[in-house]
Structures are given as structure tokens and as C-alpha cells.
Amino acid sequence: QVQLVESGGGLVQAGGSVRVSCAASERYFVNFSMGWFRQPPGKEREFLAAISFDGGSTRYADSVKGRFTISRDTAKNTVYLQMNILRPDDTAVYFCAATPSTIQAMAWGEVSYWGAGTLVTVSS
């Protein structure tokens with residue numbers, strides 16, 4: 001059982017930046033592709049970014065490409081999402097995800113484990 005715990009959400013002004021983190025269970029972290037999804041108020045959950053088990057490959061949704069960056073630190077069993085140039089429509093609950101499959105599969109929604117989510121609110 002992989003446990004994922006997000007942190008780093010909060011209130012940020014439009015145009016600003018925030019980094020959210022996801023701490024994973026040590027035993028399984030290196031075997032999984034990791035990623036981030038978000039769910040805006042009243043909308044469905046959507047894929048944002050994924051990173052391969054070795055950190056060598058990444059994939060992004062078009063809506064965040066160039067603004068968001070995913071990374072992982074194996075020594076800390078943590079995956080990050082750096083979010084820049086934030087807009088009010090980036091307001092959402094951000095979820096960490098893990099899959100034993102590929103980052104392409106994660107982009108299509110194949111997720112084995114979810115974190116509880118962390119709220120990011122972008123004010124105008």
C-alpha cells in the first residue's frame with residue numbers, strides 16, 4: 001500500500017508561484033511513476049503532470065506546459081510540482097498520484113494510489 005501525503009497548498013496572488021510537495025512511502029517510491037492532478041470547484045479531476053520512476057521522462061497537460069514543473073527527489077521520497085504564473089482558474093484541490101505503469105498511462109487516468117489533496121487558491 002503506497003501512502004501519499006501532499007503539502008504546500010494555500011492562498012497565492014495571481015501571477016505568483018507556489019510549490020506543492022508529495023511525500024511517499026519509502027518502500028515503493030522508486031518503483032512508481034508519480035504525477036499530479038487537480039480538481040477545480042465544480043469540475044472533474046484533470047491530469048497535470050507526470051514523471052517516470054527514474055525522473056528521466058516527464059509529461060504535461062497542454063494547459064500547464066511552460067508554467068508548471070514536476071520533479072522528484074528519490075532520497076527524500078518526495079515529488080514536487082512547481083507552479084508559476086498562477087491564474088485564478090488554477091484554483092483547485094491538487095492531488096498526488098502514483099502508478100506502477102508509464103507516465104503515458106497516468107496521463108490517460110491510470111492511477112493506483114491517490115493522496116488526499118491540498119487546496120491551492122489563486123486570488124485575482
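Residue numbers start at 1 and run along the sequence shown.
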When you measure from the side chain of T69 to the backbone of Q82, do you find a donor-acceptor pair of N or O atoms at a distance under 3.5 Å?
no
Hey, what do you get for CZ (R72) to OG1 (T58), rounding to the nearest 0.5 Å?
12.0 Å
Is there side-chain contact between V120 and M83, with heavy atoms separated by less than 4.5 Å?
yes
Side-chain contact, heavy-atom cut-off 4.5 Å: F95 with L4?
no
Sorted by chain and number, sequence neighbours left out, side-chain contact (heavy atoms from CB on, under 4.5 Å) with D89 holds for R87
Going by heavy atoms in the side chains, are C96 and W36 under 4.5 Å from each other?
yes
side-chain contact (heavy atoms from CB on, under 4.5 Å) for R59 and S33? Distances and angles first, verdict last.
CA-CA 11 Å; R59 184 175 178 127; S33 297; over 6 Å; no
Within the side chain of Q13, is there an N or O that forms a donor-acceptor pair under 3.5 Å with the backbone of S123?
no
Should we say atom CD of E46 is surrounded by more than 12 heavy atoms from elsewhere, each under 6.0 Å from it?
yes
State, to 0.1 Å, how close K76 and T78 come at their nearest heavy-atom pair, and which atoms those are.
O-OG1, 2.7 Å
So, for D90 and F68, which heavy atoms are closest and what is the spacing to 0.1 Å?
OD1-CZ, 4.0 Å
Any chain of hydrophobic side-chain contacts (each under 4.5 Å) joining Y80 to I51?
no
What closest approach, in Å, do G117 and E6 show between heavy atoms, and which atom pair accounts for it?
N-OE1, 2.9 Å
Give, for atom CE of M34 and atom OG of S52, the distance between the pair rounded to the nearest 0.5 Å.
12.0 Å
With sequence neighbours excluded, residues passing side-chain contact (heavy atoms from CB on, under 4.5 Å) with I85:
R67
CZ/F29 to SG/C22 distance, rounded to the nearest 0.5 angstrom?
7.5 Å
Heavy-atom pair with the smallest gap, counting every atom of N31 and F53
C-CB, 4.3 Å
Give a yes or no answer on whether the side chain of T91 reaches the backbone of V122 with a donor-acceptor pair at less than 3.5 Å.
yes
Taking all heavy atoms of A14 and all of P88, pick out the closest pair and write down the distance.
CB-CD, 4.1 Å
Could you state whether W114 and L81 fall into the same hydrophobic cluster, counting links through intermediate Ile, Leu, Val, Met, Phe, Trp or Tyr residues with side-chain heavy atoms under 4.5 angstrom apart?
no
Would you verify whether the NZ or CZ of R45 falls within 45 degrees of the ring axis of F37 while also being under 6.0 Å from that six-membered ring's centre?
no
Tell me whether V79 shares a hydrophobic cluster with Y113, the cluster being built from Ile, Leu, Val, Met, Phe, Trp, Tyr side chains joined at under 4.5 Å.
yes
With a 6.0 Å cut-off (strictly less than), is the heavy-atom count around CD of Q39, excluding the residue itself, greater than 12?
yes
Check for me, please, whether V64 and L119 land in the same ILVMFWY cluster - side-chain distances under 4.5 Å, paths through other members count.
no
Minimum heavy-atom distance M106-A50, with the two atoms named:
SD-CB, 3.8 Å
Please determine whether the number of non-hydrogen atoms from other residues, nucleotides or ligands lying under 6.0 Å from atom OH of Y60 exceeds 12.
yes
In one Ile/Leu/Val/Met/Phe/Trp/Tyr side-chain cluster, 4.5 Å: I103, F32
no
